[in-house]
Amino acid sequence: MTRISDETIEEIRSGTDIVDLISEYVQLAKRGKNWFGLCPFHEEGSPSFSVSEDKQLFHCFGCGASGNAITFMMDMENRSFIDSIVKLGSRMGVELESSQTDNQASKSSSNQKMLKAYTLAANFYSHLLLNTIEGEKALEYLEKRGFTRDEIEQYEIGWSPVQSDALSALLKRQGFDMQEMETAGLCFHKEDGSGYFDRFRGRIMFPIQDDNGATIAFSGRRLEDSSSDAKYINSPETPVFEKSKVLFNFHRARLNVRKTGKVVLFEGFMDTIAADRGGIGNTVAVMGTALSAHHIVKLKRMAKKIVICCDGDSAGWGAAKRFADQLMDSAMDVLVATLPDKMDPDDYISQHGSEVFSEKVLDQALSYISFVAAYYRRDKNLSVDHDIKQYVHEVFDELAHRCSPIEKDLLIQQLHNETHASKESLEQEFTKSIAKKAKQSKQSHDSSPDESRTVQVTRVPANRTETDRAEQLLLAHLLMDADLFEEKRLELQDLFVRDDVIKIFFKLAAFYEQYDLPNYQRFAEMLEDRQLKKVVMEAILTERSKEHTTQEVNDCIRHLKRNQMKRLIDQKRHESKEAEKRNDLLKAMELASEVIQLVRSLKVL
């Protein structure tokens, strides 16, 4: 296992700003001293995830998740401690060797080999496009589409040769397991068993990257027009590529989305490349036609506002409607940009330029309510009574339960202007739709199981006792002050009540035996038990008095001593009653006398 010195770990920890790091994954807004956002570790509607810039810690008041930059990386990307240090070090320009034998590594050895193979393939395809005669025709095609050489290199575009086994032969020479490469989606096994041939042949290659920019798949576009071959061929799903978890361009767009507070969602990756080339840097695309729950969580963490922009044909309108419905249900601020003449965003940008696209399309995006009305109006003739009735019914059925009072008035005014139906009749139809939705919702609720019984989310206890608070505050002081720990060690070792705090106390004693100075971050990282780690982080985030530390510590100790004495009194009283039941009156009187003495001591404590 790779050994990284404590000095290097401390350098990386102290050199990583936790707000900057977490902002790459979660949209944060400052409230008071701290930053808040939606917790990335559980589903929630309102922000309860707090990041302290002063203490360089995070804490979720909903699920209790807590930690520092290193533990955030461990939990967020399912990395080991060592791999998290390596990843954070690379952000700072500190290159470290990652452990390949760590059983807790985020990816298996097989997955790592697949990622290396994809990196090799991307470099191979890029070299063929830019530096060989075979790639000249594809290069000319891209240049005619307006791609510069710098842009081709930026997006790592390549060319897969027509030769059937060019990549397969290269992978074999480099020592890759070819059966593993078939699983990775880079090649096929020949039916006669004589070897392997490439999945992608004679195509312009567009790499698909994960959230960290590592190539995990390809989309290959045919160069020649053909009725028999598909225009695009994509990598299959593999252990390193799941379409439902990947947003194209996410790793490039993340910073720009954070700056603008808005993300643009396309249906196709070529639309994203076209927008990004034109300076619109906050765009991503789904890999396929479905928007998954994983996509929505990722989008919601990046920004609250989203602009959907799909193709202008009927299929594109349908995709935009599906996306908009899903994102509205996830409480995002949804706008939908529509395109004229059945164009797609890539074609529109090619014809009109990115500035016009921004001004005429993105900046003119419709609100969700306006888009839904436009969606149902597309195929209606509003001079025909039947179409008017159907249009009003469809719009109200879709929107009535979503409208605020102001949106309701605006919608009724819009439909009145479009259909010339009276506002009174539209009001009646609106009310009917509300009643219908309410009835359907009640029936659905009555027939479905109580979700509160099936969905389990760990919550922080709402009402902690005074003893809990005293233990937490005292633990906070002990984590910050090794001298105080040594001074109070013997006095405290029997006072704590909660088992997890007792365990932390003795682990902290061992930690201070090894390290001269207090380092609560290092101590928390060394704890393997997640519950103990959570308790430590909650203690660290507790507000402490810096001016009256001694008094605060003594008050906590006094409370714990009183609590200990009260428990002992209860125990003695119980034992006295048990002695009476056994007719052991001498023992009962002895215990009663002890109780009297303890009560007197309690009064003066």
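Side chains are part of it too, since the values below use all heavy atoms of this structure and drop only hydrogens, waters and symmetry mates.
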CG of L128 to CG of L139, rounded to nearest 0.5 Å, is 12.0 Å
Heavy-atom side-chain contact between F218 and F241 under 4.5 Å: no
Please check: side-chain N/O of S370 versus main-chain N/O of S367, any donor-acceptor pairing under 3.5 Å? no
Do other residues, nucleotides or ligands put more than 12 heavy atoms under 6.0 Å from the NZ atom of K300? yes
Indicate yes or no for a side-chain donor-acceptor contact from Q27 to the backbone of K304 under 3.5 Å, with no hydrogens or angles considered. yes
Nearest heavy-atom neighbours spanning G62 and S48: N-OG, 3.6 Å
Would you say the side chain of D347 lies within less than 4.5 Å of the side chain of L339, judging by non-hydrogen atoms? no
Does any part of the side chain of Q56, heavy atoms only, come nearer than 4.5 Å to the side chain of D17, both counted from C-beta? yes
Residues at least two apart in sequence or cross-chain that pass side chain to side chain donor-acceptor pair (under 3.5 Å) with S66, listed by chain then number, are H59
Does H420 have any side chain to side chain contact (heavy atoms under 4.5 Å, CB included) partners at least two apart in sequence or in another chain, and if so, which? none
To the closest 0.5 Å, what do you measure between CG (N282) and CG (L255)? 11.0 Å
How about M114 and T183: do any of their side-chain heavy atoms sit closer than 4.5 Å? yes
Nearest 0.5 Å please: distance from the NE2 atom of H393 over to the CD atom of E398. 10.5 Å
Under a plain distance cut-off of 3.5 Å, with no hydrogens placed, do S433 and D397 share a side-chain donor-acceptor pair? no
Do N68 and T71 meet the criterion of a side-chain donor-acceptor pair at a distance under 3.5 Å? yes
Check: D346 main-chain N/O paired with D344 side-chain donor or acceptor under 3.5 Å: yes
Parallel, tilted or perpendicular: which describes the rings of F61 and F36, with under 30° parallel and over 60° perpendicular? parallel
Say you draw a straight line from CG of L247 to CE of M287; how long is it, rounded to the nearest 0.5 Å? 10.0 Å
Give the minimum heavy-atom separation between T16 and A69, together with the two atoms involved. CG2-CB, 3.9 Å
Please test D329 against R402 for salt bridge (Lys or Arg N to Asp or Glu O under 4.0 Å), starting from the C-alpha separation and ending with a verdict. CA-CA 10 Å; D329 289 339; R402 294 184 185 271; 3.0 Å; yes
Contacts table for residues 407-416: side-chain donor-acceptor under 3.5 angstrom, sequence neighbours left out:
unit_1, atom_1, unit_2, atom_2, d
E407, OE1, S404, N, 2.9
E407, OE1, S404, OG, 3.3
K408, NZ, E427, OE1, 3.1
Q413, OE1, K423, NZ, 2.5
Q413, NE2, N417, OD1, 3.0
Q414, NE2, E418, OE2, 3.2
H416, ND1, A421, O, 2.7

Search all heavy atoms of F200 against all heavy atoms of I233 and return the closest pair with its distance. CE2-O, 3.3 Å
For atom CG of D379, is the number of surrounding heavy atoms from other residues, nucleotides or ligands below 6.0 Å larger than 12? yes
Can you name the nearest heavy-atom pair linking A303 to V257, along with the distance? CB-CG1, 3.7 Å
Considering residues at least two apart in sequence or located in another chain, which fulfil the side chain to side chain contact (heavy atoms under 4.5 Å, CB included) criterion with K245? E242, H294
Taking the six-membered ring of F147, is NZ or CZ of R277 closer than 6.0 Å to its centre and within 45° of its axis? yes
Between the side chains of D211 and K298, is the shortest nitrogen-to-carboxylate-oxygen separation below 4.0 Å, so that they form an ion pair? yes
Please confirm whether the backbone N or O of L167 pairs with a side-chain atom of Y125, one donor and one acceptor, at under 3.5 Å? no
Quick check: does any side chain N or O of R221 sit under 3.5 Å from a backbone N or O of F206, one acting as donor and the other as acceptor? no
How are the rings of F58 and F41 set relative to one another: parallel (under 30°), tilted (30 to 60°) or perpendicular (over 60°)? tilted
Would the distance check show the side chain of Q326 and the main-chain N or O of L291 forming a donor-acceptor pair, the cut-off being under 3.5 Å? yes
Taking R203 for the side chain and K231 for the main chain, is one N or O donor matched with an acceptor at less than 3.5 Å? yes
Donor-acceptor list for residues 331-338 side chains, cut-off 3.5 Å, not counting sequence neighbours:
none

Step by step, would you call L399 with Y368 a side chain to side chain contact (heavy atoms under 4.5 Å, CB included)? CA-CA 9 Å; L399 295 177; Y368 175 76; 3.6 Å; yes
Nearest 0.5 Å, what's the OG1-CG distance between T272 and L265? 8.0 Å
Is it true that E429 and K432 make a salt bridge, defined as a side-chain N closer than 4.0 Å to a carboxylate O? yes
Pair D54, S52: side-chain N/O donor-acceptor within cut-off below 3.5 Å: no
Do P40 and Y25 make a side-chain contact, defined as non-hydrogen atoms from C-beta onward lying under 4.5 Å apart? no
Do the side chains of K534 and E538 get close enough for a salt bridge, i.e. N-O under 4.0 angstrom? yes
Can you name the nearest heavy-atom pair linking L38 to S46, along with the distance? CD2-C, 3.7 Å
Can you pull out every side-chain hydrogen bond (donor to acceptor under 3.5 Å, both in side chains) where at least one residue sits in residues 351-362? Sequence neighbours excluded, please. none
Would you find a donor on one side and an acceptor on the other, under 3.5 Å apart, between the side chain of N212 and the backbone of A214? no
Salt bridge (Lys or Arg N to Asp or Glu O under 4.0 Å), that's the test. Do K321 and D325 meet it? Break it down for me. CA-CA 6 Å; K321 176 68 165 56; D325 289 345; 2.7 Å; yes
For the ring pair Y376 and Y391, is the centre-to-centre distance below 6.0 Å? no
Inter-residue atom distance I280.CD1 - D271.CG, 0.5 Å rounding: 11.0 Å
Whether E182 side chain and H189 backbone form a donor-acceptor pair below 3.5 Å: yes
Heavy-atom side-chain contact between S219 and F248 under 4.5 Å: no
Describe, in one word, how the ring planes of F49 and F72 are oriented to each other, choosing from parallel (under 30°), tilted (30 to 60°) and perpendicular (over 60°). tilted
For the pair E153 and R149, evaluate salt bridge (Lys or Arg N to Asp or Glu O under 4.0 Å) and give the outcome as yes or no after the intermediate values. CA-CA 6 Å; E153 291 179 354; R149 189 180 183 94; 3.7 Å; yes
Does the structure place the NZ or CZ of R378 under 6.0 Å from the centre of the six-membered ring of Y375, at an angle of no more than 45° from the ring's axis? yes
Contact summary for T238 and A184, nearest pair of heavy atoms: CG2-O, 3.3 Å
Within 6.0 Å of NZ in K305, more than 12 heavy atoms from elsewhere: no
For the pair D311 (side chain) and G316 (backbone), establish whether a donor and an acceptor sit closer than 3.5 Å, ignoring hydrogens and angles. no
Are any of the side-chain heavy atoms of D341 and Y348 separated by less than 4.5 Å? no
